[in-house]
Number of protein chains: 2
Amino acid sequence: MTAVIDAIEVQVFDTETRSIRDTKGHRHPGPLASAQEALVTIRDSDGAVGRVLTPTRNVREDAVAGPLFGALIGKPVLSVEAVLRDLVIAQRGNPVDLADRRIAVVDELLWDLIGQRSGEPVWRLLGGAQPRIRAYASTMCGDDTPGGLSTPEEYADYARTLVAQGYSAIKLHTWFPPLDFAPSVARDIEACVAVREAVGDGIDLMLDGFHWYSRSDALKIGRAIQDLDFRWFEEPMDEVSISSYRWLSEQLEIPVIGPEIISGGICLAVTGYASVPSTFCALGHRTRADSRQR
Amino acid sequence: MTAVIDAIEVQVFDTETRSIRDTKGHRHPGPLASAQEALVTIRDSDGAVGRVLTPTRNVREDAVAGPLFGALIGKPVLSVEAVLRDLVIAQRGNPVDLADRRIAVVDELLWDLIGQRSGEPVWRLLGGAQPRIRAYASTMCGDDTPGGLSTPEEYADYARTLVAQGYSAIKLHTWFPPLDFAPSVARDIEACVAVREAVGDGIDLMLDGFHWYSRSDALKIGRAIQDLDFRWFEEPMDEVSISSYRWLSEQLEIPVIGPEIISGGICLAVTGYASVPSTFCALGHRTRADSRQR
């Protein structure tokens, strides 16, 4: 008898955080504060469970009861691709309740359950060609906190700290609105120069800054970090402008990376520039991206 | 002194409906039932108001208080394009609370307010080249209700009724899941044949059926309705597959229409097939689509 999905429950719990979100949704360090998060648990007819942690806004009761989780009960645990396809089709008529980040919760729940049942880590079930991958340090976005990431020199100091901790690759997130001095082409380049000078040539560096630069501003930054031997240039322009990404990729020798937020289907349908669908689990959903790549 | 936005309030009210949504979000006729809807009112510093009606899920209190409406207070009424750009940028970090349909509420609110202030209808403020446009009758989706739209013959009967009412153009929405006999290439074509035979050659007909046909199925339907002299073929394949739409457009002489749901920026960034951004106000947001067309 194939195991079927029996129940899904959401527990909202109190926790603490040292990060705060600014008005554009970027996270920065903050004082210790109370916060809420949600633990979602899926149970199958054999009593196996899968779990996922998610922000509470993804699983508000009125949104999940019907369209998101309702259709799952009684479905085979292993029908994850069929379940995701049904949700994506239903998304057309329910774009808010079935936003990509909410569908991603179902994707992660089912894969965690499948992994728990099999006793194997999910990465191995998905193909698992590489038992090890390189990690890179990824900074938070720039801020205006002295001693934080408020100047190119502070990025350089922090990069030295990361290298001392053993990191051989570092990705910089530079300055965004609502900071009143952001965005700034000159300041982004200064930070990249300062970090390269601080860490020397042996460290891989990447830039992931403001996402709405014009083509000409993006090209200025891209040429500068290419000269600094950066490893890639991530999402410097509005991600829906596929033609801008194609154009920029043709001007530069280093990879231009994107998109991250728009549906995985679209980025994979368009060739012509580098794309790293590394964040689909958080921002879209992995199963759909995978289906499109076939 | 330029008028600025003073307040936005949401009133949820009880109403009645004769339509029901199926599990995929399609509306069908139903028995009279109670329902809730939201009236959103925006007020400016001169006391002028703009209003929009929207489903309650678009303006749930926890979602709108901060990210959606919070940033508007104090902004100039006429800064609609700046306001929308800020929301689209903030959407990246708040994709659920700032889903396209929610941003669309702000767009409609501001344009209604601007129209009320100027004493002009919004269509005229937006350029207003045409004081009159042709209307077409648009059927609901197919159903399995005898006497409704459950067979090709019932579509034909209903089309005759519409022509008798004076319509000179009719768009058919055919059958979708969760109906167990949908989707069906043969049945969709039969409905189109039956309607063309019923109304004769003098009436414009359009088809907007199942949105996830394969390329080959879509081509079969497209050729059939081209032979029936249909005016356009709307969204027969997954809208994110731009390459599929390009391909289908090359095979057919009648226009292939789309996309409707994915961000307007994307459809307008890609040339090669016909696109009618007619539903941005309902499904995306007009100001953004307009910006991209420039």
Side-chain angles (χ1 to χ4, degrees), chain A residues 21-27 55-60 62-63 66-67 70-71 85-86 88-102 141 176-178 210-212 235 238-246 259-271 283-284 288 292, chain B residues 21-27 55-58 60 62-63 66-67 70-71 85-102 141 176-178 210-212 235 238-246 259-271 283-284 288 292:
Chain A
R21 294 177 96 207
D22 65 29
T23 56
K24 304 297 184 197
H26 304 296
R27 287 208 166 270
T56 54
R57 65 180 171 280
N58 286 345
V59 287
R60 283 187 199 119
D62 50 355
R85 189 189 53 212
D86 284 352
V88 166
I89 286 183
Q91 186 186 46
R92 189 183 168 96
N94 295 288
V96 177
D97 290 343
L98 298 180
D100 278 352
R101 290 209 185 186
R102 289 178 160 160
C141 298
F176 289 79
F210 183 65
H211 306 305
W212 292 272
E235 292 151 7
D238 189 342
E239 291 189 323
V240 304
S241 182
I242 292 164
S243 54
S244 295
Y245 277 80
R246 218 174 238 170
E260 175 173 287
I261 296 295
I262 60 172
S263 156
I266 292 165
C267 75
L268 296 166
V270 176
T271 55
L283 298 166
R288 191 176 194 198
R292 304 235 170 234
Chain B
R21 292 178 97 206
D22 65 30
T23 56
K24 304 296 185 197
H26 304 296
R27 289 208 165 270
T56 54
R57 66 180 168 279
N58 286 346
R60 282 187 199 120
D62 50 355
R85 189 190 52 212
D86 284 350
L87 284 172
V88 166
I89 285 182
Q91 187 186 46
R92 188 182 169 97
N94 295 288
V96 176
D97 290 343
L98 298 180
D100 277 353
R101 289 208 185 185
R102 288 178 161 161
C141 297
F176 288 78
F210 183 64
H211 306 304
W212 292 272
E235 292 152 4
D238 189 341
E239 291 190 321
V240 304
S241 182
I242 292 164
S243 54
S244 294
Y245 277 79
R246 218 173 239 170
E260 176 172 285
I261 296 294
I262 60 171
S263 156
I266 291 165
C267 76
L268 296 166
V270 176
T271 54
L283 298 166
R288 191 177 193 197
R292 305 233 170 238

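Bear in mind the structure is a predicted one, so any value in this text is a computation, not a measurement. Order of the sequence lines sets the chain letters (A, B, ...), proteins ahead of strands, with each chain counted from 1.
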Review point. Minimum heavy-atom separation for A:E235 to A:Y245, with atom names?
Key: CA-OH, 3.1 Å

Check your understanding: In terms of heavy-atom pairs under 4.5 Å with chain B, which of A:P177, A:A90, A:S244, A:P178 leads?
Key -> A:A90

Review point. Under a 4.5 Å cut-off applied to non-hydrogen side-chain atoms, are A:D100 and A:Q91 in contact?
Key: yes

Exercise for review: Select one option (side chain, backbone, both, neither) describing which atoms of A:D86 are under 4.5 Å from chain B's heavy atoms.
Suggested key: both

Review point. Side chain, backbone, both or neither: which part of A:R21 has a heavy atom under 4.5 Å from chain B?
Key: side chain

Practice item. Would you indicate whether the side-chain heavy atoms of B:R92 and A:W212 approach each other to under 4.5 Å? Key: yes

**Study point:** Note, B:R60 side chain near B:R102 side chain (heavy atom, < 4.5 Å)
**Key:** yes

